[in-house]
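So that the names make sense, note that chain A is the first sequence line, chain B the second, and so on, each numbered from 1.
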Amino acid sequence: MDAESLLLSLELASGSGQGLSPDRRASLLTSLTLVKRDYRFDRVLFWGRILGLVADYYIAQGLSEDQLAPRKTLYSLNCMEWSLLPPATEEMATQTSVVKGRFMGDPSHEYEHTEVQKVNEGEKVFEEEVVVQIKEETRLVSVIDQIDKAVAIVPRGALFKTPFGSINVNRTFEGLSLSEAKKLSSYFHFKEPVELKNKTLLEKADMDPSLDFMDSLEHDIPKGSWSIQMERGNALVVLRSLLWPGLTFYHTPRTKNYGYIYVGTGEKNIDLPFML
Amino acid sequence: MPSSFRNFFLLTHFMEDSTTLKQEKENQELVEAGQPWEEMVTASSQDPESGLSEPPEVEQGPEAGPQTRSSPPGIPQSGASTPVDDLTGPGASTPPSPPQEPSTSLSPLALARQDFMAPWQSNKTTSVISEAGTPPSDHLEQPSDKGESTSHQTCQSEGNTFQLSQQTKCHLYGPRDVSYNNSKEKELRFAISQEKDSNSNYDLDQPESGASEMAPNMLEIAIQNAKAYLLKASSKSGLNLYDHLSEMLTKVLDTRPENPVDIIENISQDVKMAHFSKKLDTLQNENEMLPTYEIAEKQKALFLQGNLEGADQELEDEITEHALPNVMESAFYFEQAGVGLGTDETYRIFLALKQLTDTHPIQKCRFWGKILGLEMNYIVAEVEFREGEDEEEVEEEDVPEERDNGDSEADEADEDELPRSFYKAPQAIPKEESRTGANKYVYFVCNEPGRPWVKLPAVTPAQIVIARKIKKFFTGRLDTPIVSYPPFPGNESNYLRAQIARISAGTHVSPLGFYHFGEEEGEEEEEIEGGRDSFEENPDFEGIQVTDLVESLSNWVHHVQHILPQGRCNWFNPIQKSEEEEEEEEEEDEEKEDEKGEEPDYAEQEVGPPLLTPISEDLEILALMLMAAD
C-alpha cells in the first residue's frame, strides 16, 4: 500500500484481522517519509509484515519512476530503522526452498540443512553429508520475492504503459466499476508478464496495449486460489489470496484507493488444492 | 469557421500517422479560405460554412465554446457544395480537423463527401470538404490501419481547396511537420497540423495530388468505412467515438490546459460523464448499489435499536451489563498488539452482540472472533445461556437422533441375509452434555454485523475427530456440504463448530492464578478422576509481572478443557455400552489414556488440576507430534 495513504489503507485492509498497532502506525508514517527521501524513491509501499516467532519483520518497498523496474526492499524490526535487502536471485530461491517452518524473527539466525552430496574422489563415490547454513535474511528475501511474483496485484487501469516502454502510474485512474471489480480479469499481477504471448488472437484484439500489459488473475493456477469478497455491501472489494494466506488486496470501486498488504507467516499454503 | 477548425483538428486528432502536416498547411490555407471542413468528426459545432478563416480565427474557433452541434444534417451536404467552391479560394492551410485526406480533386471529394454525409445520422458533422478531392482517409481510425498516408499528402491543393488530405493517419499527437504558426497550438499535436499557413505546404501537396487521384475510390470507401465505424453507436452508452472525440478536442481547445496530452484520459472521462449525468446513472447505479444500501439499512437498525431499547432496559441493566463484555475495551488492547478489525467494524460487532443479548436469554456473551471464508466471513460470538430452557430444545432434537443411530446399527446387523457381517460399527461416542466439555459454550455466528445471528449446533466427538484430519476452507454459507476424505459427518455449520471447539480448547489461555478452582465443590478425589471442568475467577489474583508473562510460558494456563483424541473432554469408555461413567473403570482407563499421551489432562501441577495447565506443557506435546510426523 502506498505510504502516503497509509492510514486509510490500513483501515480498509483491516477486515482480515491483522493490522498494526497505533505505535507502529505512527512510526511508519514518519520513517517511511524519511526512507523515501534518503533513497530517492518515487513511491514507497508498505509491503507488510512477516510474523516470526520472536519478532516480526516489517517490510517496505521502494519504487522508481518505472513501476515494473526491480523494486528495492527494506526491512525493519521496529518500524524505525530500515535496512536494505539484497535483490533476490534464482540461487537464493533454490537454496531457501528447503527451509520450512516459521520465521524466527532474528535476521542473523541461520537455518541448518543437511544435504547429502556425492563427492567423487578418484573412482570412488562418497556420500557426504554437508551441512548448509542458510541465513534468515536470505530466506526473507526470497520469500518476499516469491510473494511478489505470485500474488502482488493491481487493478486494471491503475498503471499504463507509454509508447516508450516505461510504465507509469495512471493519474486519471478512477477506479473499477462495480461489475468490473467482481471479476478476476480486472486485476493484474504486478510483475513482468509471462502469459501474454499465449493469448489467442481474439483476446489480443480486445486488449488495449497501454493498459493490458500484465498477466491477469483469471488464469492463475490453481483455479479458485483467490477469494473475492465485497465488504460493506458493495463499497469495498477485498481479494484474499489462498495460496499465500495473509495477502489482502483491497479496492474501493470508483475511487483511486487500492493496495495490498501481506501479514502472515511467510509460508505458502501447499495444501491449497485439497482445501478448496 | 470555428467549427470547421474544430472539425478539422478533430479529424486530425484521430490521424495517427506521422504524416507530415504539411498537408496541414493546406489546411491553413483552407482555413483562411474559410472553407468549412467536411469532416468525419461529428463534433461539428459550428455551421460548417464558417469555413476556415485565417488561422487565428481558426484557433479561436474551438475556443468559441463547447461544441454545439448545431449544424443540421443538411448543412454538411449543402455546405459541402459551397465550401467546395470556397476552398478553391483561400489557401487555408490547416484544416482544422479532418486529419488526413488524400488530396483529391475538390469536387470529387466534395461530392463524395456529400454522398458520404447523407447516410450519416450525425448531425454534427461539419462538412469540410477537402478540395483535394481525395477522400479523407480513415483519419479517424487507428493509425496503422489505413495505409493512406500517402494519399493525404497529395490532398492539399494549394489555395482554395482545403485538403483534408492530411495524412489519413495524422496522429493527433504524432509529430507533425507542419509548421504551426500558432505556437500555442503546437502543444496540441493535431493543432500543429492544422495551423500551417505556409504556402510551402502547397508545394508538397501539389505533386502528390496527382498520385492520390489514382485511387480515389478505394480511399473513399476506406474513408467511408472508417467513418462509419467511428460513428457506430456504442451499445452501452449510445455515444459514438466520432462525436466523443470531437467533443473532447473541442473541450481541450476551449480550456487550453497545461500538458493536455498527459491528462487527455481524464478529459475524456469528464466529457463522458457530462453526458451521462442525467438519466442513465440512476438506472445503472441502482442495481449495483443495492447491496450497499441493504447492509447500510441493516446496520442502521443496529444503531437505532440501541437507542430505542435503552430506556426500557433500565431494570435489566445489571444483567445486561454482566452479559455483554466491553468489546471496545478489549479491542483497544488487541489493537496495541496489532490484532484487530478496525474501530468501526468492532463497534458494529459490539452493537450486533448487544442485539443478540437482547433477543436471547444470555448470561454471558463474548466476542470470540472472526473466521474468514471464501465468499463471506463469519463473526463468532461465544455465549453462555442462563440456566434456562433454550438449551433443552436443542437437546431434545439431538437425543432422538442419537437413539436412532444406535438402533439402526443394530438393525443392519440383524437384517443381513447375505453373509452376516460380524462387523459392528463402534458405538458412536455420544456427544457431551451441554454446558460441559466441548459443549460448554454455545456459539452464534453471523456473516456481517446487522445480519441475523444463527446458532451453531452442538459438536459431537466424531466431528472433532474428523475435523482434525481434514483441512478445508470455509465458504461462508452454513449449509455447504463438506466434501473430504475421511468424510465429514455434517455440513459447514458442523465443521465450523468443530473448528471453534478445537481452537478454544487449544488456545484459550489466561495468566496463572487468574482462575482457580472453587474449593467448595465436593470431594476433590472424585473430581480429579473425572477431570475438573469448572473454575472461578480468583478474587485474590494480584497480577503477574509483564516480564514474567513474556519470558516464561508456564505463567499462562489453559482454561478450556483439552479435547481428548476421542473427541470429548471427559473420557467416555466405549466398551461399556452404558453412558454412565463408572469411576472404577475410569481409573483403569485413565492409565491407558496416560499412555496415549493425554497427559495434559492429568499432569500434575502446582496449580492443581489438569484444567489449568500451563502452556509450557504444550510444547512437549507439539514436539512429540512433530517427531511423529517426521
Identify the heavy atoms of A/L239 and A/L217 that sit nearest to each other, and give their distance.
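So the two residues come closest at CD2-CD1, 3.8 Å.
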
May I ask you to check whether B/Y495 and B/F474 place their ring centers less than 6.0 Å from one another?
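So the answer is yes for these two rings.
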
For the CD atom on A/E81, are there more than 12 heavy atoms of other groups (residues, nucleotides or ligands in this structure) within a distance under 6.0 Å?
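Atom CD in A/E81 is not packed in, count stays at 12 or less.
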
Would you find more than 12 non-hydrogen atoms of other residues, nucleotides or ligands less than 6.0 Å from A/R171 atom CZ?
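Open.
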
Which atoms of A/I228 are under 4.5 Å from chain B, going by heavy atoms: the side chain, the backbone, both sets, or neither?
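A/I228 touches chain B through backbone heavy atoms alone.
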
Residue part contacting chain B, namely of A/R24, when any heavy atom lies under 4.5 Å:
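Interface part for A/R24: neither.
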
Just to be sure I understand the criterion: a residue of residues 262-271 of chain A counts if one of its heavy atoms is under 4.5 Å from a heavy atom of chain B. Which ones qualify?
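So far as heavy atoms go, A/N269, A/D271 are the residues that approach chain B to under 4.5 Å.
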
Side chain, backbone, both or neither: which part of B/L372 has a heavy atom under 4.5 Å from chain A?
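It is the side chain, since no backbone atom gets that close.
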
Considering only heavy atoms, which portion of B/S268 lies under 4.5 Å from any heavy atom of chain A: side chain, backbone, both, or neither?
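Contact with chain A is absent: no heavy atom of B/S268 under 4.5 Å.
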
If the plane angle is over 60° it's perpendicular, under 30° parallel, otherwise tilted; pick one for A/Y258 and A/F249.
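The arrangement is tilted - the two ring planes meet at 30° to 60°.
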
Going by an N to O cut-off under 4.0 Å, is there a salt bridge joining A/E11 and A/R25?
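Salt bridge between A/E11 and A/R25, a charged N being under 4.0 Å from a carboxylate O: no.
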
Under a 4.5 Å cutoff for heavy-atom pairs, which residue among [options] has the most contacts with chain A?
{"options": "B/V339, B/D344, B/N377, B/I470", "result": "B/N377"}
{"options": "B/I263, B/L341, B/I267", "result": "B/L341"}
{"options": "B/F473, B/F334, B/Y485", "result": "B/F473"}

Please list all pairs meeting salt bridge (charged side-chain N to carboxylate O under 4.0 Å, His left out) that have one or both residues in residues 153-162 of chain A, counting only residues at least two apart or in different chains.
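Sorted result for residues 153-162 of chain A: A/R156-A/D212.
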
Residues A/D106, A/V54; criterion side-chain contact (heavy atoms from CB on, under 4.5 Å); working and verdict
CA-CA 7 Å; A/D106 173 16; A/V54 174; 6.0 Å; no

